[in-house]
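Encoded as structure tokens, the structure appears first; notes follow it.
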Amino acid sequence: MNEIITGIDIGTSKVCTIIGQCDKNGELRIIGIGMYPCNGMKKGVVVDIETTAFSIKKSVEQAERMANQKVTSVYIKIPGGLTEIYRNRGLVAVTRDDKEITAQDVERVLQAAKIMALPSDKQIIELIPIEYIVDGYGEIKDPVGMAGIRLEVDAAIVTGSLTAVQNMEKCVKKAGYTMSGIIVEPLATAEAILTKDERELGAALIDIGAGVTDIAVFKSGNLIYTGMIPVGGNHITNDLSIGLKISFEEAEIIKKKYGSVVKVENDDTVKIANIANHSSQDTRLNDIIDIIEARVNEILTMVYDEMRGSNVLDQISTNIVITGGGISFIKGSLDLAESILGKNVRLGLPNAIGVSTPVYSTAVGIVKYVFANRKYLYKKQVEVPKERDQKKSGVLSKIKDWFNDFWI
């Protein structure tokens with residue numbers, strides 16, 4: 001595959017773009033990185049199409065210059081908190097005379113699993129096979145090549161807000177690009193930072209961004225829960241702005257420079273610009289830390305309450321992995337998280353040169369997810385032309401296919 005893969009993470013405070021390409025050894029290589037401020041998103045949804053489209057274009061242009069590649073199509077993400085997970089089953093008959101299950105049979109059973117009643121404001125974002133079942137024998141990960149008469153799939157169907165998806169697509173088109181697909185954010189981020197053992201044995205992924213905190217829990221290799229809390233790093237900045245009577249921009253600088261939840265013994269004073277009387281003021285460092293610690297404690301407590309209320313805490317056997325730019329840079333935040341959440345906590349970083357920071361976790365994850373699932377994702381794009389070719393087969397062939405699919 002020589003085509004490039006472009007992933008865009010459209011967030012509350014910024015748009016991150018990652019361009020990846022398959023090298024001659026068949027490995028994914030990051031060749032372009034872009035980032036541009038954005039204030040057209042609030043709580044995971046578009047509130048200003050023009051502003052968001054402009055930020056997308058600027059971010060992609062940065063990545064294009066670095067990669068020396070022209071981008072025409074992109075993949076974006078939808079926050080896990082805007083999605084819901086349902087379980088459904090698909091069932092088809094194996095059509096070959098020798099009863100060998102082919103990739104076409106797998107595709108048909110996946111399509112059958114998508115047949116379900118959905119509200120008018122929802123659409124299917126992703127289908128995740130949990131297990132395949134051949135003639136009653138389950139726990140099969142890949143049935144291709146096996147022999148059988150009946151093929152079933154137990155699948156997780158991820159649905160998302162139709163309005164949210166359509167508005168994000170409008171932003172992408174307004175920026176001058178086509179949308180190749182939309183990836184569920186926890187699936188993408190997990191591809192970048194969770195280990196295979198964590199996904200199998202049970203782990204939680206906490207992505208704390210500027211405006212929202214996404215919660216996802218994985219077990220037996222599958223996404224079993226998603227949730228969202230409408231607070232993030234910007235709320236810490238806002239607290240500093242109000243508490244210290246300084247501008248939001250100044251508060252963001254203070255947060256990044258002195259961000260900590262651990263009191264210091266040598267309580268020095270810091271000079272900051274007072275927005276009320278336009279003069280500088282001396283503020284004790286521990287006063288700044290108190291404001292930051294209070295909000296970080298609240299965010300983590302809300303995460304704990306959300307997971308406990310959803311009965312998923314007991315599913316976590318390994319780690320809770322925290323990523324995103326909301327609190328990951330704040331000194332002592334991981335230790336505080338361990339004490340509040342009662343689990344082992346580690347920082348999640350993408351394992352790629354040049355992007356090994358939590359800020360890029362989701363964008364890198366989108367590219368890695370598409371690369372790992374490229375056969376299935378690319379196949380979906382050429383589905384319609386193939387169906388047109390098959391129209392020549394006539395009425396009898398259609399009747400035969402109908403019986404093969406539903407007459408067991």
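Quick caveat: nothing in here was measured; it's all calculated off a predicted structure.
For the pairing with Ile18, the side-chain contact (heavy atoms from CB on, under 4.5 Å) check across Ile366, Val364, Thr6 returns one residue only, Val364. When each of Lys368, Lys196, Arg199 is checked for a salt bridge (charged side-chain N to carboxylate O under 4.0 Å, His left out) with Glu191, only Arg199 meets the rule. Residue Tyr360 forms a side-chain contact (heavy atoms from CB on, under 4.5 Å) with just one option from Ile33, Thr323, Asp9, and that option is Ile33. If you run side-chain contact (heavy atoms from CB on, under 4.5 Å) between Ile140 and each of Val134, Leu151, Ile101, only Val134 comes through.
Using a distance-only test at 3.5 Å, with no hydrogens or angles considered, no donor-acceptor pair links the side chain of Ser241 to the main chain of Thr237. In this structure, the side chain of Glu250 does not engage the main chain of Ser247 through any donor-acceptor pair within 3.5 Å. In terms of modelled atom types and a separation under 3.5 Å, the side chain of Ser59 and the main chain of Ser55 share no donor-acceptor contact. Formation of a donor-acceptor pair under 3.5 Å by the Ser260 side chain with backbone atoms of Val262 is found in this model. For the pair Asn234 (side chain) and Gly211 (backbone), a donor-acceptor distance under 3.5 Å is absent. Side-chain atoms of Asp135 come within 3.5 Å of backbone atoms of Ile149 as a donor-acceptor pair (strictly under, hydrogens ignored). A donor-acceptor pair under 3.5 Å links the side-chain atoms of Asp214 to the main chain of Gly81, judged by distance alone. The backbone N or O of Gly365 lies less than 3.5 Å from no partner atom in the side chain of Thr189, so there is not a single donor-acceptor pair. For the pair Glu293 (side chain) and Val261 (backbone), a donor-acceptor distance under 3.5 Å is absent. Of the possible donor and acceptor atoms, none in the side chain of Asn297 sits under 3.5 Å from a partner among the backbone N and O of Ala294.
Among residue pairs with one or both ends in residues 111-139, none qualify as ring-ring contact (aromatic ring centres under 6.0 Å, His included); sequence neighbours excluded. The ring-ring contact (aromatic ring centres under 6.0 Å, His included) pairs that include a residue from residues 5-63 are Tyr36-Phe54, where partners are two or more places apart or lie in different chains.
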Show your working on side chain to side chain contact (heavy atoms under 4.5 Å, CB included) between Ile215 and Tyr225 and close with a plain yes or no. CA-CA 8 Å; Ile215 305 168; Tyr225 168 79; 4.1 Å; yes

side-chain hydrogen bond (donor to acceptor under 3.5 Å, both in side chains) evaluation trace for Asn266 with Asp268: CA-CA 6 Å; Asn266 185 16; Asp268 295 330; 3.2 Å; yes

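In the displayed structure, Arg89 atom CZ is contacted under 6.0 Å by more than 12 heavy atoms of other residues, nucleotides or ligands. The neighbour count for Lys58 NZ, taken as heavy atoms of other residues, nucleotides or ligands under 6.0 Å away, does not exceed 12. Counting heavy atoms of neighbouring residues, nucleotides and ligands inside a 6.0 Å radius, atom NZ of Lys43 does not exceed 12 of them. Heavy atoms of other residues, nucleotides or ligands lying less than 6.0 angstrom from NZ of Lys343 number more than 12. By the neighbour-count criterion of 12 heavy atoms within 6.0 Å, atom CG of Asp282 is densely surrounded, having more than that number from other residues, nucleotides or ligands.
Side chain to side chain, Ser361 and Asp207 fail the donor-acceptor criterion of an N or O pair below 3.5 Å.
Leu223 and Pro186 get closest at one heavy-atom pair: CD1-CB, 4.2 Å. The shortest non-hydrogen separation linking Ser317 to Lys219 is OG-NZ, 3.5 Å. Across Val109 and Val106, no two heavy atoms sit closer than the pair CG1-O, 3.1 Å. Listed here is the closest heavy atom pair of Lys70 and Ile4: O-CD1, 3.9 Å. A pairwise comparison of heavy atoms in Phe248 and Asn238 identifies CE1-N, 3.9 Å as the closest pair. Across all non-hydrogen atoms, the minimal contact from Pro350 to Thr357 is CD-O, 3.4 Å.
Looking at heavy atoms from C-beta onward, Val270 lies out of side-chain contact with Lys257 at the 4.5 angstrom threshold. Ile128 is listed as a side-chain neighbour of Leu187, based on a closest heavy-atom distance under 4.5 Å.
Rounding to the nearest 0.5 Å places CD1 of Ile124 at 9.5 Å from CD1 of Ile115.
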Identify all side-chain donor-acceptor contacts of residues 159-173 below 3.5 Å with residues at least two apart in sequence or on another chain.
| from | atom 1 | to | atom 2 | distance (Å) |
| --- | --- | --- | --- | --- |
| Ser161 | OG | Ala164 | N | 3.2 |
| Asn167 | ND2 | Thr163 | O | 3.4 |

Would you give me the side-chain donor-acceptor pairs under 3.5 Å for residues 328-335, sequence neighbours excluded?
| from | atom 1 | to | atom 2 | distance (Å) |
| --- | --- | --- | --- | --- |
| Ser328 | OG | Gly324 | O | 2.6 |
| Ser333 | OG | Ile327 | O | 3.1 |
| Ser333 | OG | Ile330 | O | 2.9 |

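Scanning for salt bridge (Lys or Arg N to Asp or Glu O under 4.0 Å) contacts around Lys256 gives Glu252, with sequence neighbours left out. The salt bridge (Lys or Arg N to Asp or Glu O under 4.0 Å) test applied to Glu61 returns Lys57, not counting sequence neighbours.
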